[in-house]
Peer 1: 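One structure, as structure tokens, below. Some questions next.
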Amino acid sequence: MSETAETQQNFRAAIARFLTVGFAALLGVILSIGVLMFMSQQQSRSIVHTYRVQSEITAIRLSVTQLIGVKLGNRLHLTHQGDQHTDTIKNALDHSIAQFAQMTRDNPRQQARIPLLLAIVTQVEGEAGLDVPVDARIGILSDDPGERVTALCATMLDEETQLMKIRLQQRSDIASALYVILGLTAVLLLFVALLAYTTIRSYTREIDASRLALRAANEGLEAAVQERTADLMRANAEIQRFVYIVSHDLRSPLVNIMGFTAEIEAATNSLRDELEQTLAGRPLTVAPIVQTIITDDMPEAIDFIRASAMKMDRLINAILHLSRLGQRTLNPRWQPLHALVHTVTDTLQTLINQAGASINIASPMPDLFIDGVALEQILANLIENAIKYRSPDRVLHIDVTAQSLGDRVAIAVADNGRGIDPRDKDRVFDLFRRSGAQDQPGEGIGLAHVRALAYRLGGTIGLDSALGVGSTFTLILPVHFNDDVQRNKESGIP
Amino acid sequence: MTEHQPLNIIMVEDDAGHARLIEKNIRRAGISNTIHHFTDGTSALAYIFDAEEGPMRNGPALILLDLNLPDMSGTDILKRIKDEPRLRRTPVVILTTTDDKQEIQHCYDLGCNVYITKPMNYENFSDAIRKLGLFLSVIQLPDVD
């Protein structure tokens, strides 16, 4: 299992690495495409530039040819187009030369040709009868300036054509590189997409698998919970039946003990009467020990037997009572807690008055969906206890409050009575257990009863107390009683 | 006529002590009728239904019935008796330790005439038995055809 997990983890890590590399490569490729595009654009611009240089060279040659034409025309007096025409040509020529010089300033070879060109042009201009500045006249350089210009221009054009060739070649190289890189990009994209797809599929499968596993586990859990609940219900029902039968059967011998104790008592009484008569008539005929047995020992033994049997009967009754509590069908309905507390205090009004106690019921209180009888029993028990165990030093005051805790409600019954030792905090809720001075009648049943009822209502009960200060019993109950447990009990388990 | 046929008391009680106490109290209450004692349901039913002098064939009877018997529940016996037309009017007194309200109700539903909880307080018990004696003396026993 762990080995598989490790292998899988390694596989995952490898895929993640590949994906990272793939994305990095894609980024690089896209960057280089950008660079190549930029370069290609630059190259295209250079090519356009070269074309323009070439056209300027052609324009120079044309202008020079025109000027030569003017010179010839002047010589033959064929035409005279006037100075204006010549000036226009000259202007165009100057402009073209300036443009050429400007455009080829990064090319020293072309720049080196400019002085010669200027010299020839000056010569031609002079010959064309144009006003040439004196310092520019460096003399006749050529017999045939037209030929020279044509040759020069041809050289210059050649130069540019060479440049053009190089640049076209470069551009085509860039285009090829671009194609290669685009191809590479496509391959990379495919690779990355494939990797991503594999990863996603692997994860999706895993998620599906774990979801299925989870659902299965959930269903299993539900079944397990149901099974456990059924087991618990069965165990609970069994315990209740057991308690019922045991306490029932325990009463049977007690009836005999009590019955025959009464028989012995009756016999003892007859014996005593007989003894008294005998003693009245003829004293000293009965041994003193027999007298003691009949008058003291036997009645004492009978009293002890009876008291113990009575106590045992009360205890068994308490157990029976608690077991019946678990069998009673609850009848929950919506009711206002405030009214319910008032019902309880009204019932106990005589006790409260006798104790001179004051009782304060907080308002408002929430409504509860609950079995009213059970809650009334709990509250009555708690208030009765407060009255029973009040402090003799002060007037008893009881506070009943309720606080909402979401879907639960905390009902507190607080008194300023004699208090319970914190060590007995849990013990007081146990059956037959009591705390403090045993100066009040009781079997230690009330709080056990209260706790059993609180559990039955789906709640809990807690105690907060200090000796000599008072006690606060806090009952936490669901606002809406959920009778699932009861339904299960009614439908499934006897 | 009932005067000629003495009333039999049939006591179905598995606890010997209880049986003795009941008998003593009945006697103390001044009732001298014959008491037939059975400690289990089977022999009690055999007597009630089949015996020559049993209530089914002959003579009026009063049945004192304990609910907890070793071989069957007292309510089963009660049901058998009340389902039989010839025995339906025979008075049945349930004597048991149970004071469970539902069980008491169930017994009355089945037709028991008196339900007495065997009380712990002996004075109460004697009292109850004495009242039973009074009950026996005033009871109008059905004619058996």
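Just so we're on the same page: letters track the sequence lines, and every chain starts at 1. Hydrogens, waters and symmetry mates play no part in the numbers below; they use all other heavy atoms, side chains included.
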Peer 1: Distance from A/Glu263 atom CD to B/Asn25 atom CG, nearest 0.5 Å?
Peer 2: 7.0 Å
Peer 1: Under the 3.5 angstrom rule, does the side chain of B/His18 hit a backbone N or O of A/Val255 as a donor-acceptor pair?
Peer 2: no
Peer 1: Among all residues two or more places apart in sequence or in another chain, which pass the side chain to side chain donor-acceptor pair (under 3.5 Å) test with B/Ser73?
Peer 2: B/Thr75
Peer 1: Count the heavy atoms of every other residue, nucleotide or ligand shown that sit under 6.0 Å from OH of B/Tyr108, and state whether that count exceeds 12.
Peer 2: yes
Peer 1: For side-chain contact (heavy atoms from CB on, under 4.5 Å), just list the numbers for A/Asn256 and B/Arg20, CA-CA rounded to whole Å, side-chain angles, deciding distance to a tenth of an Å, and then say yes or no.
Peer 2: CA-CA 9 Å; A/Asn256 280 335; B/Arg20 186 84 187 99; over 6 Å; no
Peer 1: Please indicate whether A/Phe432 has more than 12 foreign heavy atoms, meaning atoms of other residues, nucleotides or ligands, lying under 6.0 Å from its CZ.
Peer 2: yes
Peer 1: Go through the structure and list residues passing side chain to side chain donor-acceptor pair (under 3.5 Å) with B/Asp83, not counting sequence neighbours.
Peer 2: B/Lys79
Peer 1: Does the B/Asp15 side chain pair with the main chain of A/Pro253, one donor and one acceptor, at a distance under 3.5 Å?
Peer 2: no
